[in-house]
Amino acid sequence: MDRASTDLLADLTARGLVHDTTDRANLEDRLAAGPMSLYVGFDPTADSLHVGHLVGQLFLRRFQMAGHKPFPLAGGATGMVGDPSGRSDERNLLDLDTLRHNVSRIELQLQRLLDFTPGSAQAVLVNNADWTEPVRLLDFLRDVGKFVTVNQMLAKDSVRSRLDSDNGLSFTEFSYSLLQANDFRHLYEHHGVELQAGGSDQWGNIVAGVDLIRRGLGKSAHALTHPLVTKADGTKFGKSVDGAVWLDPDKTSPYAFRQFWIQVDDAMVGRYLEMFSLGALDDVRATIAAHAEAPEKRLAQRELARELTVMVHGTEAADAADEAAAVLFGGDPTQASPAALAVVAREVPSSSMSSAQLADTIGTLVQAKLATSNGDARRTLEQKGYRANGVQLDENAQLMAIALLHGRYLLLRKGKANHHLLEIS
RNA sequence: GGGUCGGUACCCAAGCGGCCAAAGGGAGCAGACUGUAAAUCUGCCGGCUCAGCCUUCGUAGGUUCGAAUCCUUCCCGGCCCA
């Protein structure tokens, strides 16, 4: 345990997870001295976290595995105000009902990846609304505001960039970092939380808390940020064509979640594996080396997809997703068992129709959402972009002429990775 | 409030009376190659009952045989002046 503790920072650094820290030697000493408490905050901007939040969640998990005590924080209060960090324009405020709903959903997700069984490293879920809502405005101005100069606040990147832009910055968002600073002070005072971690865009907010703790309490606390995850082309990570990749299985199915990781670029997969895997770094590096030997096997992507799907959705859902993918990408779908097809039906868009409707090949493709219009379906047919039960279609193809799987299934595929399962009655 | 420039398809951006469903680029889709990757190459990329027709160039009118292109109204944005 001690060894893990002292090596934690080195491990995080080797994984490319450390962007910046307050006095590093100091933090190393503190980690070596024994278990500490830390927190990472998640604002309820939506009713689910997405893959971009995983790094932060896993930070808590890594610390917990090393014996430290994690405090996942749901931003019931900060979510009321909106963080200007990393945003070029003002946020729209969420109404209270939405906010409350989002908080309750996110709290469930924050409980998934951490260990809440009693013990010294037991995770504790907190919500900053609990200590922020009761505070009176005048008390806040005296107890928090008095320790912060506007000069400092204006110097923060997130504020300055907005002041320089045409969009401006409301007083509401300007004051955001005070709320977050107060969170850190509250957790320090009442729970002994000495470290706040987060994405590099949170640096300003986090050190605001460190400053407040020093000025208000005369104590020293630590900050640690991780780099924001990016894609090979530098664009924002975690967005697929259909939008964000959510952790909520109702918003992003376990199958779609798995596929997101399977389809990661070779150029990034090593880095992602280092950042996201909880496995020992040596094992991770061995996988990466094996992947470099035979990239076509996609070993690294498979490892990454498997570990994260199990972590977020559980073994059973991960198995089902694997099984569905085996049918969809495994070659000949006519060999798939009825049980496997049943899994596919749950994991992939599907619909049922009568054999009469099937006579309209173009219409069926549109209805299956594998074409945006009749013309699009025709074009794609001309370009030989569709397969039905493994048979490539052309512009003269008739879906009716294709033999059904197990007498009732027609597995449609557009391009490489777009599927739709039809059940024919 | 005054002046001025501008609003073109998912995004950027040409076009400035007929040859315009509208150049070019990006994004996207499909094919080839391969590996559920990247790069590259090829094709497609408003809709339809597809050699034709219909609906689009901020909005509403007008001029004209004919308008994205000219005129007017209004709406929205940039810049300059106040």
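Per chain, numbering begins at 1; letters A, B, ... match sequence-line order.
Nucleotide B:U64 is matched to nothing when pairs are restricted to Watson-Crick or G-U wobble geometry with both distances under 3.5 angstrom. Shown here, B:G77 forms a base pair with B:C5; the pair counts as Watson-Crick or G-U wobble because both key distances fall under 3.5 Å. Pair assignment for B:A32 gives B:U40, based on Watson-Crick or G-U wobble hydrogen-bonding distances that are each under 3.5 Å.
For A:R298, taking side-chain heavy atoms from C-beta onward, the closest of the listed nucleotides B:G35, B:A38, B:C45 is B:G35.
Separation of the C1' atoms belonging to B:C65 and B:G17 is 12 Å when rounded to the nearest angstrom. Remark: the separation of the C1' atoms in B:C16 and B:C48 is 31 Å, to the nearest Å. Comparing B:U63 with B:C29, their C1' atoms are spaced 43 Å from each other, to the whole Å.
Checking the phosphate oxygens (OP1, OP2) of B:A30, no side-chain nitrogen or oxygen of A:T380 falls inside 4.0 Å.
Comparing A:A326 and A:S373 by the nucleotide of RNA chain B that holds the closest heavy atom to each, the one mapping nearer the 5' end is A:A326. Each of A:E296 and A:G385 was assigned the nucleotide of RNA chain B with the nearest heavy atom; the assignment lying further toward the 5' end belongs to A:G385.
Counting any heavy atom pair closer than 4.0 Å across all strands shown, A:D376 reaches no nucleic acid atom. Nucleic acid contact class of A:K414 (heavy atoms, under 4.0 Å, all strands): sugar-phosphate only.
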